[in-house]
Amino acid sequence: MPSASPAVRLGAALLGLAIAGTAAAAEHPDFTGVWGNYRAPGAAAPQRGAPQAPLPLRAEAKAKVDAYHALVDSRGDTPGGWCLGTGMPGSMLGSGGYPMEIVQHESLILVVFEAHAEIRRIYLGERADEGDLFPDRNGYSFGRWEGNKLIVETTHLKEAVDQGRYPHSENAKVVEEYSLVVNDDGTKVLTSNMTMTDPDFYTQTITAEKKWQLQPGVRLLPYECNEPTWEEHLERLRQGQGEAVSSR
Amino acid sequence: MSPKIRMRMLLAVAIGLVPFAASAHHSAVRFDLTIRDNMVTGIVKEFAPANPHTKIVLTVTDEKGTRDIEYEGHSRNNYYRGGWREGMVKVGDKITLNAAPTRDGSDGGYALGVIAADGTKF
């Protein structure tokens with residue numbers, strides 16, 4: 001039997017690698033798609049403003065959070081009202097009721113929230129060097145697969161007293177465990193169990209569960225928020241009113 | 001979009017929108033959102049769908065006279081998911097808002113829903 005040429009052997013080897021890579025990717029659940037808040041069949045709509053259990057905040061942290069609310073609550077100001085993304089963990093726990101889209105790659109999972117076109121990147125490949133990281137509202141997220149579960153650890157967060165439910169310090173660490181199930185009615189449900197550890201702000205570990213359901217046929221819409229302010233600024237410039245509207 | 005999905009999106013509007021309705025210029029805290037059946041009819045002077053909120057100016061005539069009143073509304077995205085489409089509301093149209101009134105009784109409100117001139121509700 002004649003032996004294969006080097007080119008043929010190389011092609012076969014590359015094909016083998018490609019097949020192996022595909023198989024490895026297929027071993028993990030695929031979270032790709034547009035997701036909305038999950039509601040169990042027949043369940044009542046959640047009530048806004050329902051009382052929530054007090055948080056186990058340390059005294060200094062509570063003072064910071066209380067000062068923030070004293071400043072903005074009577075005005076109704078929120079980060080979202082100022083076209084600012086929610087940040088972790090609020091982005092992943094609700095994002096204002098708007099859908100989110102997940103695009104899953106082998107070494108990166110992109111989470112695109114419709115609200116404020118906020119983007120969260122979950123890296124699965126090589127962890128970034130510490131010197132290349134800096135604090136951000138969504139922090140730095142690094143994930144790994146454990147069987148069918150995706151474990152995501154988020155650090156390098158900015159202190160955020162403006163988080164709607166779980167304010168935190170810059171030293172907060174969020175660990176999420178994601179799993180995908182298919183309900184009897186065929187609905188794909190993505191569940192995240194979150195644990196936030198933040199000794200600077202809390203006397204106890206914070207836990208929360210969030211469920212999303214796949215929304216076939218739904219597409220994310222553009223969410224440009226600052227355009228009216230920009231247009232207003234341009235109009236004032238056209239009218240010779242100079243810097244009457246300042247950037248923010 | 002299937003009716004089931006559209007209904008889910010509408011419900012998302014109902015429960016999730018308002019936190020994004022506050023802006024640098026306006027704030028949902030000004031409105032009494034517990035009042036959900038205050039219907040206001042007027043002539044459209046401006047309809048500017050935007051995120052995080054939509055600006056609606058109607059020329060309204062009531063017992064106080066005729067004047068232009070500015071209303072704040074849901075985000076453009078949520079109006080879209082509720083059935084609004086580009087060109088559906090035009091200057092000069094007679095439309096009706098389901099507008100949560102201001103807490104202090106001044107002119108204005110938060111447009112929880114809109115009935116366009118052709119009867120389309122969103």
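Sequence lines set the chain letters: A, B, ... in the order given, protein chains first and strands last, and positions in each chain run from 1.
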Indicate whether the side chain of A:Tyr98 and that of B:Ser75 have a donor and an acceptor atom separated by less than 3.5 Å.
yes
Smallest heavy-atom separation, B:Val29 atom then A:Asp73 atom, equals CG2-O, 3.9 Å
May I ask you to check whether over 12 heavy atoms, not counting those of A:Lys64, lie within 6.0 Å of atom NZ?
no
Assess the side chains of B:Asn51 and A:Glu224: does a donor N or O sit below 3.5 Å from an acceptor N or O?
no
Would you name the heavy atoms of B:Pro52 and A:Gly81 that are closest together and state the gap between them?
CG-O, 4.3 Å
Please flag which part of A:Pro222 lies under 4.5 Å from any non-hydrogen atom of chain B: side chain, backbone, both or neither.
both
Non-hydrogen atoms of A:Tyr223 and B:Arg76 that approach each other most closely
N-NH2, 4.4 Å
Residue A:Glu60 excluded, over 12 heavy atoms near CD under 6.0 Å:
no
Other residues, nucleotides and ligands only: do more than 12 of their heavy atoms fall within 6.0 Å of CD on A:Glu209?
yes
Could you check whether atom CZ of A:Arg121 has more than 12 heavy atoms from other residues, nucleotides or ligands sitting under 6.0 Å from it?
no
Min side-chain heavy-atom separation B:Arg81-A:Pro99 under 4.5 Å
yes
